[in-house]
Participant: 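Have a look at this one.
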Amino acid sequence: MAQTPKIAVAMTVNGQDVSARLEARTLLVQYLREGLRLTGTHVGCDTSQCGACVVHVDGKAVKSCTILASQCEGAQVVTIEGLAHGDKLHPMQEAFREHHGLQCGFCTPGMIMTAVDMAQRLGTPDEHTIREELEGNICRCTGYHNIVKAIDAGCHEMAKGQHRQAAE
Amino acid sequence: MYAFTYLRPGSVRGASKALATKENAKLLAGGQTLLPTMKQRLASPDHIVDLSQIDDLKNIEQKGRRIVIGAMATHASVASSALVRDNIPALAALAGGIGDPAVRHRGTIGGSVANNDPAADYPAAVLALGATIHTNKRKLAADEFFAGLFTTALEEDEVITKIAFPMPSRAAYQKFRNPASRYALVGVFVAKRGRDIRVTVTGAGSNGVFRWSEAEAALSKRFSVKSLEGLSISASGLNGDIHASPEYRAHLIAVMTARAVAAA
Amino acid sequence: MTKTGIGASVKRKEDQRFITGSGQYTDDVSRPGHVHAYFLRSPHAHAVIRRLDIAAAKAAPGVLGVFTGDDLAADKIGGLICGWMIHSKDGSAMKAGAHPALAQGKVRYVGDHVAVVIAETLAEARDGAEKIIVDYEVLPAVIDTAGAQAAKTQLHDVAPRNTVFEWAIGDKAATEAAFGAAHHVTKIDLVNNRLVPNAMEPRAAIGEYDPGQGAYTLWTTSQNPHVARLVLSAFIGIAPENKLRVIAPDVGGGFGSKIFIYAEETVAVWASKKVGRPVKWVSDRTEAFLSDAHGRDHVTHAELAMDAKGKILALRVKTIANLGAYLSTFSSSVPTYLYATLLSGQYDIPAIYAEVDAVYTNTAPVDAYRGAGRPEATFVVERIIETAARQMGLDPADLRKRNFVRKFPHQTPVIMMYDAGDYRASLDKAMEIADVKGFGKRKREAARRGRLRGLGYSTYIEACGIAPSQAVGSLGAGVGLWESAEVRVNPTGSVEVLTGSHAHGQGHETTFAQLVSERLGVPMESINIVHGDTDKVQFGMGTYGSRSGAVGMSAIVKALDKVEAKAKKVAAHLLEAAEADIDFKDGKFTVKGTDKSVAFADVALNAYVAHKFPTSEIEPGLKEGAFYDPTNFTFPAGCHICEVEIDPETGVTEIANYTAVDDFGVLINPMIVEGQVHGGIAQGIGQALTEGAVYDASGQLLTASYMDYCMPRADNLPSFKLGFTETRCPSNPLGIKGCGEAGAIAAPAAVMNAMTDALGTEAVAMPATPQAVWKVAQSQQKLAAAE
C-alpha cells in the first residue's frame, strides 16, 4: 500500500496559530490529543454520543470526534485548556468545583465546554432546559445532580460578568 | 477510518465534477452521520468532497410564500432562524430537536435529506410540507425524492443546493425518541396547507419515511384530534428492534399523530 | 469541627487538574516511540478456530508484530485467574475453565481475543488485523442464564452442565420447618438484568520494557494496581514483582470493572518486550461493551414465609447466576458471599436458605459491578417484602417496621453480624422528606391527567468495608483485604500520605487530607495523597466495595497514631518535659498545665535534624507505616423512596421524586458523600428503567454501543432529595461505614416497587423501558376491561 496522502492543515487553537501535515482521516480530537498534546479533550465513545470530546470551533460547541481536522482549516478552536485566563479560572470551571460537579473528571472537559456554549446561547436556562441541553453529554459518576447545579450557577456567573462588562 | 483523499471545492460545480470524476467519492456536509459511519469502517469512500467552503449554500431566505433553506444550513441555524421560527415554527422546532446541541452545530439539512436515514427527522418535514429539493441539476418534489432506506432520487453527481418549504397554515412535529440513541423511534409531522393535509411518519417504516394516507383522509374532513379517534395503522411493514416492536411503533404512530394535531 | 476537618464539605483538591484539562489518564500518557495494539476479536459467540493465518497481517504496512495464543504459551504466559474459590454443596471445588489471554483453539464469546496486532499507528494495526484469516467452525451458543445447565452444548470440558458451582448457604431444615408453619407464603420470580458498567474512560494500558533494567512498567486503568501486579507476576508470569511496576494514574471511573486483570493489559505489557517498543492499547466503546466484565445477570425464585401478624418466619431463595464465558478475577464471590449473605436485609429473619448455581454462557464474563451481589440481594428482599405487604393487605412501611432488626449486635442466619444501625430512624426520616402522607393526593391528581403514579420503598442494607482477612480467607478469598498507609512527614512539616486505596472519582485526595489535616493541624495544601503506583506505595488492596473510608482511612489513622506517638517523644525532648505530660492538639505540642509549646512543623524539622534527642533512643525522621485489617464488615443501611409517574399511552416513566436517607456512620466530607449517593442512585435507576445488555440467541450483543444501550442522561433523572441519619460504626476508629455503593444497591428495588405499585401488578421486569411498560399497561387495561 502506498503512503497515505497527507494534507496541510492550519488553524488557531487556544489563541495559538498551529499547522501540520496530517492524514486526511485525522479527526480533530486526534490532532488535538496526539498532535498538539492537548489531552484534556477526551474520547468516551465511538458514536458521537458521550460528549467527552466537546470543544468550541468558531465559538460553537462541537464534538471533536465527529469532525475532521481538515474541516477546521482556518477555524478558531478552543479546548478546555484554553478556557481559563492564566491562573484565573473561567466562571464555569469555578462553578463545577464549587458545586462538586465532577467526580472522576473524565467527562468534565466536555461538560464544561458544553455548559459554556449553553450559557452563551441561552443565558440562564432553567433546570429542565439544562437537563435537555445535556442530551449529548454522558456522565456515569454524578447522576447529573451537581452538574446541573454547577451549570445553573456558572450560567448566572457568566451573565453577571457580561453585565459587568456592559457597565464598564 | 479507512484512508481517503480529501477535496474541498469552492463551488457546487466543482463538487459535482469531483463526484463525477473521482472514484468512489462521497459528499461531506456536516459529517454527523457520515463520519461515525466511516469511523466504524462501515463506509469506505476513496474521496471525500467537503462542501463547507461553498458559502452560498448556508443561506436561509424567504421567497414569496416559501422559506428557502440552503443545503449546508445547520440544524442550529434553522432552529434559531427568525424567518423559520416566524413562518414555519414546526420546522424550527424539529431542527432544534435533532441530536444534541453539538450535533446541531454541525449537522445540515442537506446532509440529512440526502442521506435519508429512516430514523432522521427532516425527511418527515420535507415530505409533509411538500417541499421542493433544488439540486445543481433540477428541482425535485418531495414525493418523488425519497426512494426507500438511505436511498433518494439523487444521481451520482447531483448535489442538493437548497430546499424550499411552502408555509403551512398549521403544522407540528412530535417525536418519540429511541431511549438510547435519541433518534426518532417514531416521528410524525402533520401539516395543513389550504386543503392539502399531510401526515408523514419517520423512524417507523421499514422503507423509510412515508405518508399515512388514512390519517390524512380523516383529517381532511376535519382537522382535529377527534377525527383520528379509532384510527390505527397496521404493524406490518414497520420496523422492529429491541426498543420497539412493529406493534408498539404502530401504536406510537397513532399517539404521536394525535399529539401533533393537538399541537399544530 | 474545623473548616477542613472531619465533617466539613471541603472543595476537592483534585478538581483543579480535572476542570482545566490537566488530568493524566492512561491514554494521556505518551511514551517515547510508543506503538499501538489492536485486538482481533471473535465475531462468533462460540467457535473452534480451525486455522489462523497471520502472514499477511505481519507483512502489512506499519505492523511490528502479530501474536496469538501460541506465542503466549511459548513464553509460558499463564491464563487469567479467578481469585476466589467457591465449593459446591457436595464439597467439590468450582469448575474453572482455562482462560487464556489470547484464544487457544476456541473462542467463547463475541469479543473474545483471537490475536493482537502491534503497529506504528492504531489505524495500521486495525488495517493489519483485517488481513488476518481465521477459519471458524461455529458451534451452537449457550446464551440463556436459566437454560444454560440444560443446554446440549458445553463451554468448558471441566464444567459439565455448564455449571461452575452449586453452592448453598443457611439452614435448610430450619427453613423448611418454618415454611411448614407459615400463615402466608409470598412467591416471586425475578430477573436481575445484565448491566455494562460503562465508566466513561474506556480501559487502556501501556506496557513498556526497559532492557537495561530487565523490567516492565505498565500504566493501566486499574482500581487496584498492586493486585494487578501480584496477579500479572505470580499467576500470569509476566515478570517477578520487583521487575514489574504498575501505575494506575488518573482513572476515569471504575464501578468495579477496573478491578479485574484482563487480557489486554497482560498482552500489552508482554508484547512491549517482543516488539521492543512501548505498546499502547485503548479500548473503544464497542470493545468496552464486548469485553469489560459485565454485572448482575441473575434469575431468582424466592419465597417468604409469614405468620398471621406479618412477622417474617423464613426466606428461601434459588438463584442461577450467569458468570459468562470465563471466570473473571473475583466473579465467583459476587453471587455467593457478596449476595446471599445479605438476604436477611434489615430484618430479623429466623431462618434463611439460599442456593446459588453459577453457570457458564457464551457471553462476556460477569463480575463485580457497583454493589456487586448486594443490589441483587436487596432486590430480592425488598421486592418480596413489598409484594408480601400487598398480598396481605398491609402497609409496606408498617410491615418493614414490624420486622426490622432492633437489637445490636445481630447475628443473621447467613454469616453477617450486624453491629449498629437504626433502621426505623432512616425509614421515618425518608417518609417525612418524601412526604409519603401527601402521596394519595398526588396520585389522584396524576390520575386526573391520565398518569399512573406509584410509590416504592427500599430499606436496604449492605456489607462494606471489605473485609476482615481471616474471615474472607475462610470463605475462599485468595487475598487478604486489609489496607496499608504510610505517612511521611517532611522536615518542613508538609505531609505525604501513601495509600493502597485508589481513587477514580471518589475524592480521596481531599477526604484523606481532611483526616490528616485535622489530626496533625497541617493545612490542606501542605498534604499530598499519593496512590496508584507500585514503586511509590509498597502494597495495597485498592478501592472497591466501599472500603476506602472504612479500611483505607483506618490504616491512615493507625499510621498517624504512630507519627503522633513518635513526634511526642521528640517534642518531649524539645520542651524538656516528660513524654507523658505532652498533649498534642491543633498542630501544637504543649506541656500539660503550662504555656510551653512547640509547633508540629518544628517537631518535624527537629526529628530530621536530630540534634536535640538521643538517636540511640529515638530514630531520626518522622515516617510511619501501618497495615489495618478490619475486624468486621461495616453495615451501611438506609431507606430510599421512589415515586414514579407513568404515561400509560406511551409507556414513558418519569421519576417524579427520589428520596434517599442513608446511615453511613460518620461522614468525612458530606459534599463528596452526597455526590456518591447521587451517582449510585443514577446507576440504580438506570438498571431499573433504561439499562440492559441484550444478547440475541446466536450470542451477538445487540446493545454494543450508546445507540442501543441506554445510559441514563440528565433528562432521565430528577434532582434527588437526600438525608442522613448516623449510627457510628463500632468496628473502625473513625466510625465510618462507607457510601460508594448504597445508591446502586437501594435504587432498583425502590424504583420497581414504585413501578409495580403504579401499574397494579408485580409482573414488571427490569429494565422497565417504555415498550415494556406500555405492554404491561396494555394488559392491565385489558384485564380491567374484562372485569
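The chains referred to below are lettered A, B, ... by the order of the sequence lines, with proteins before strands, and numbering in each begins at 1.
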Participant: Measure from the side-chain N and O atoms of C:Tyr25 to the backbone N and O of A:Gly105, and report whether any donor-acceptor pair falls under 3.5 Å.
Facilitator: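 Flag set: sc C:Tyr25 to bb A:Gly105 pair under 3.5 Å.
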Participant: With sequence neighbours left out, what residues match A:Asp152 under salt bridge (Lys or Arg N to Asp or Glu O under 4.0 Å)?
Facilitator: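 With sequence neighbours excluded, A:Asp152 shows a salt bridge (Lys or Arg N to Asp or Glu O under 4.0 Å) to no residue whatsoever.
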Participant: In terms of heavy-atom pairs under 4.5 Å, which option from A:Ile138, A:Ile130, A:Ile147 contacts chain C the most?
Facilitator: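 Heavy-atom pairs under 4.5 Å are most numerous for A:Ile138.
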Participant: Do the ring planes of C:His504 and C:His502 sit parallel (below 30°), tilted (30 to 60°) or perpendicular (above 60°)?
Facilitator: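 Judged by the thresholds at 30° and 60°, the geometry between C:His504 and C:His502 is parallel.
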Participant: Does a salt bridge link C:Glu201 with C:Lys258, judged by any charged N lying under 4.0 Å from a carboxylate O?
Facilitator: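 Looking at C:Glu201 and C:Lys258, the cut-off is met.
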Participant: Sort out for me which of A:His100, A:His90, A:Gln103, A:Arg140 touches chain C most, counting heavy-atom pairs under 4.5 Å.
Facilitator: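 It is A:Arg140.
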Participant: Mind ranking A:Leu38, A:Thr41, A:Asn146, A:Val148 by heavy-atom pairs under 4.5 Å with chain C and telling me who comes out on top?
Facilitator: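 Looking at each option in turn, the highest pair count goes to A:Asn146.
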Participant: So which of A:Pro109, A:Gly40, A:Cys104 has the largest heavy-atom pair count under 4.5 angstrom toward chain C?
Facilitator: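 Of the options given, most contacts go to A:Cys104.
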Participant: Please classify the contact of C:Glu674 with chain A as side chain, backbone, both or neither, using a heavy-atom distance under 4.5 Å.
Facilitator: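 Neither part; nothing is under 4.5 Å.
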Participant: Which atoms of C:Glu14 are under 4.5 Å from chain A, going by heavy atoms: the side chain, the backbone, both sets, or neither?
Facilitator: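 Neither the backbone nor the side chain of C:Glu14 comes within 4.5 Å of chain A.
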Participant: Please rank A:Glu98, A:Glu23, A:Glu132, A:Lys149 by heavy-atom pairs under 4.5 Å with chain C and give me the top one.
Facilitator: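 Looking at each of A:Glu98, A:Glu23, A:Glu132, A:Lys149 in turn, A:Glu98 comes out on top.
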Participant: Between C:Val251 and chain A, with a heavy-atom cut-off of 4.5 Å, which part of the residue counts as in contact: side chain, backbone, both or neither?
Facilitator: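 Backbone only.
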Participant: Apply ring-ring contact (aromatic ring centres under 6.0 Å, His included) to the pair A:Tyr144 and C:Phe720, showing each step before the final yes or no.
Facilitator: CA-CA 10 Å; A:Tyr144 305 99; C:Phe720 310 114; 9.5 Å; no
Participant: Hydrogens and angles aside, do C:Ser257 and C:Asp292 bring a side-chain donor and acceptor to less than 3.5 Å of each other?
Facilitator: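 Their side chains do not contain a donor-acceptor pair, so the 3.5 Å distance test is not met.
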Participant: If we check side chain to side chain donor-acceptor pair (under 3.5 Å) with A:Arg131, which of these qualifies: A:His128, A:Glu135, A:Glu127?
Facilitator: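 Among the candidates, only A:Glu127 passes.
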Participant: Can you say whether C:Met711 sits under 4.5 Å from chain A via the side chain, the backbone, both, or neither, judging by heavy atoms?
Facilitator: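 Side chain only.
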Participant: Ignoring hydrogens and angles, state whether a donor on the side chain of C:Asn669 or C:Arg12 is under 3.5 Å from an acceptor on the partner side chain.
Facilitator: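 The criterion, which ignores hydrogens and geometry beyond distance, is not satisfied for C:Arg12 and C:Asn669.
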Participant: Select one option (side chain, backbone, both, neither) describing which atoms of C:Ile672 are under 4.5 Å from chain A's heavy atoms.
Facilitator: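 C:Ile672 touches chain A through backbone and side-chain heavy atoms alike.
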Participant: With sequence neighbours excluded, tell me which residues meet side-chain hydrogen bond (donor to acceptor under 3.5 Å, both in side chains) with C:Ser546.
Facilitator: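 C:Glu741.
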Participant: Identify the residues of residues 49-73 of chain A whose heavy atoms come closer than 4.5 Å to a heavy atom of chain C, ordered by number, or report 'none'.
Facilitator: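 Residues A:Gln49, A:Cys50 are the ones that qualify, each having a heavy atom under 4.5 Å from chain C.
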Participant: Once rounded to the nearest 0.5 Å, what's the spacing between atom CG of C:Leu701 and atom OG1 of C:Thr286?
Facilitator: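 Here the rounded value is 9.0 Å.
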Participant: If we ignore angles and hydrogens, is there a donor and acceptor under 3.5 Å between the side chains of C:Tyr369 and C:His294?
Facilitator: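 No, no side-chain donor-acceptor contact under 3.5 Å.
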Participant: Which class fits the ring pair A:His145 and C:His678: parallel under 30°, tilted 30 to 60°, perpendicular over 60°?
Facilitator: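 A:His145 vs C:His678 ring planes: parallel.
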Participant: Of all of A:Ile80, A:Leu134, A:Thr108, A:Asp46, which one pairs up most often with chain C through heavy atoms under 4.5 Å apart?
Facilitator: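 Ranked by contacts with chain C, first place is A:Asp46.
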Participant: What residue in C:Asp27, C:Ile685, C:Asn716, C:Ile681 has the most heavy-atom pairs under 4.5 Å with chain A?
Facilitator: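 Ranked by contacts with chain A, first place is C:Asp27.
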Participant: For C:Thr4, enumerate each residue passing the side-chain hydrogen bond (donor to acceptor under 3.5 Å, both in side chains) test, keeping only those at least two apart in sequence or located in another chain.
Facilitator: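 For C:Thr4, the residues satisfying side-chain hydrogen bond (donor to acceptor under 3.5 Å, both in side chains) (neighbours in sequence not counted) are C:Ser517.
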Participant: Please state whether the side chain, the backbone, both or neither of C:Ser705 comes within less than 4.5 Å of a heavy atom of chain A.
Facilitator: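 For C:Ser705, the side chain is the part near chain A, not the backbone.
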Participant: So which part of A:Arg97 gets closer than 4.5 Å to some heavy atom of chain C, the side chain, the backbone, both or neither?
Facilitator: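 For A:Arg97, heavy atoms of backbone and side chain both lie under 4.5 Å from chain C.
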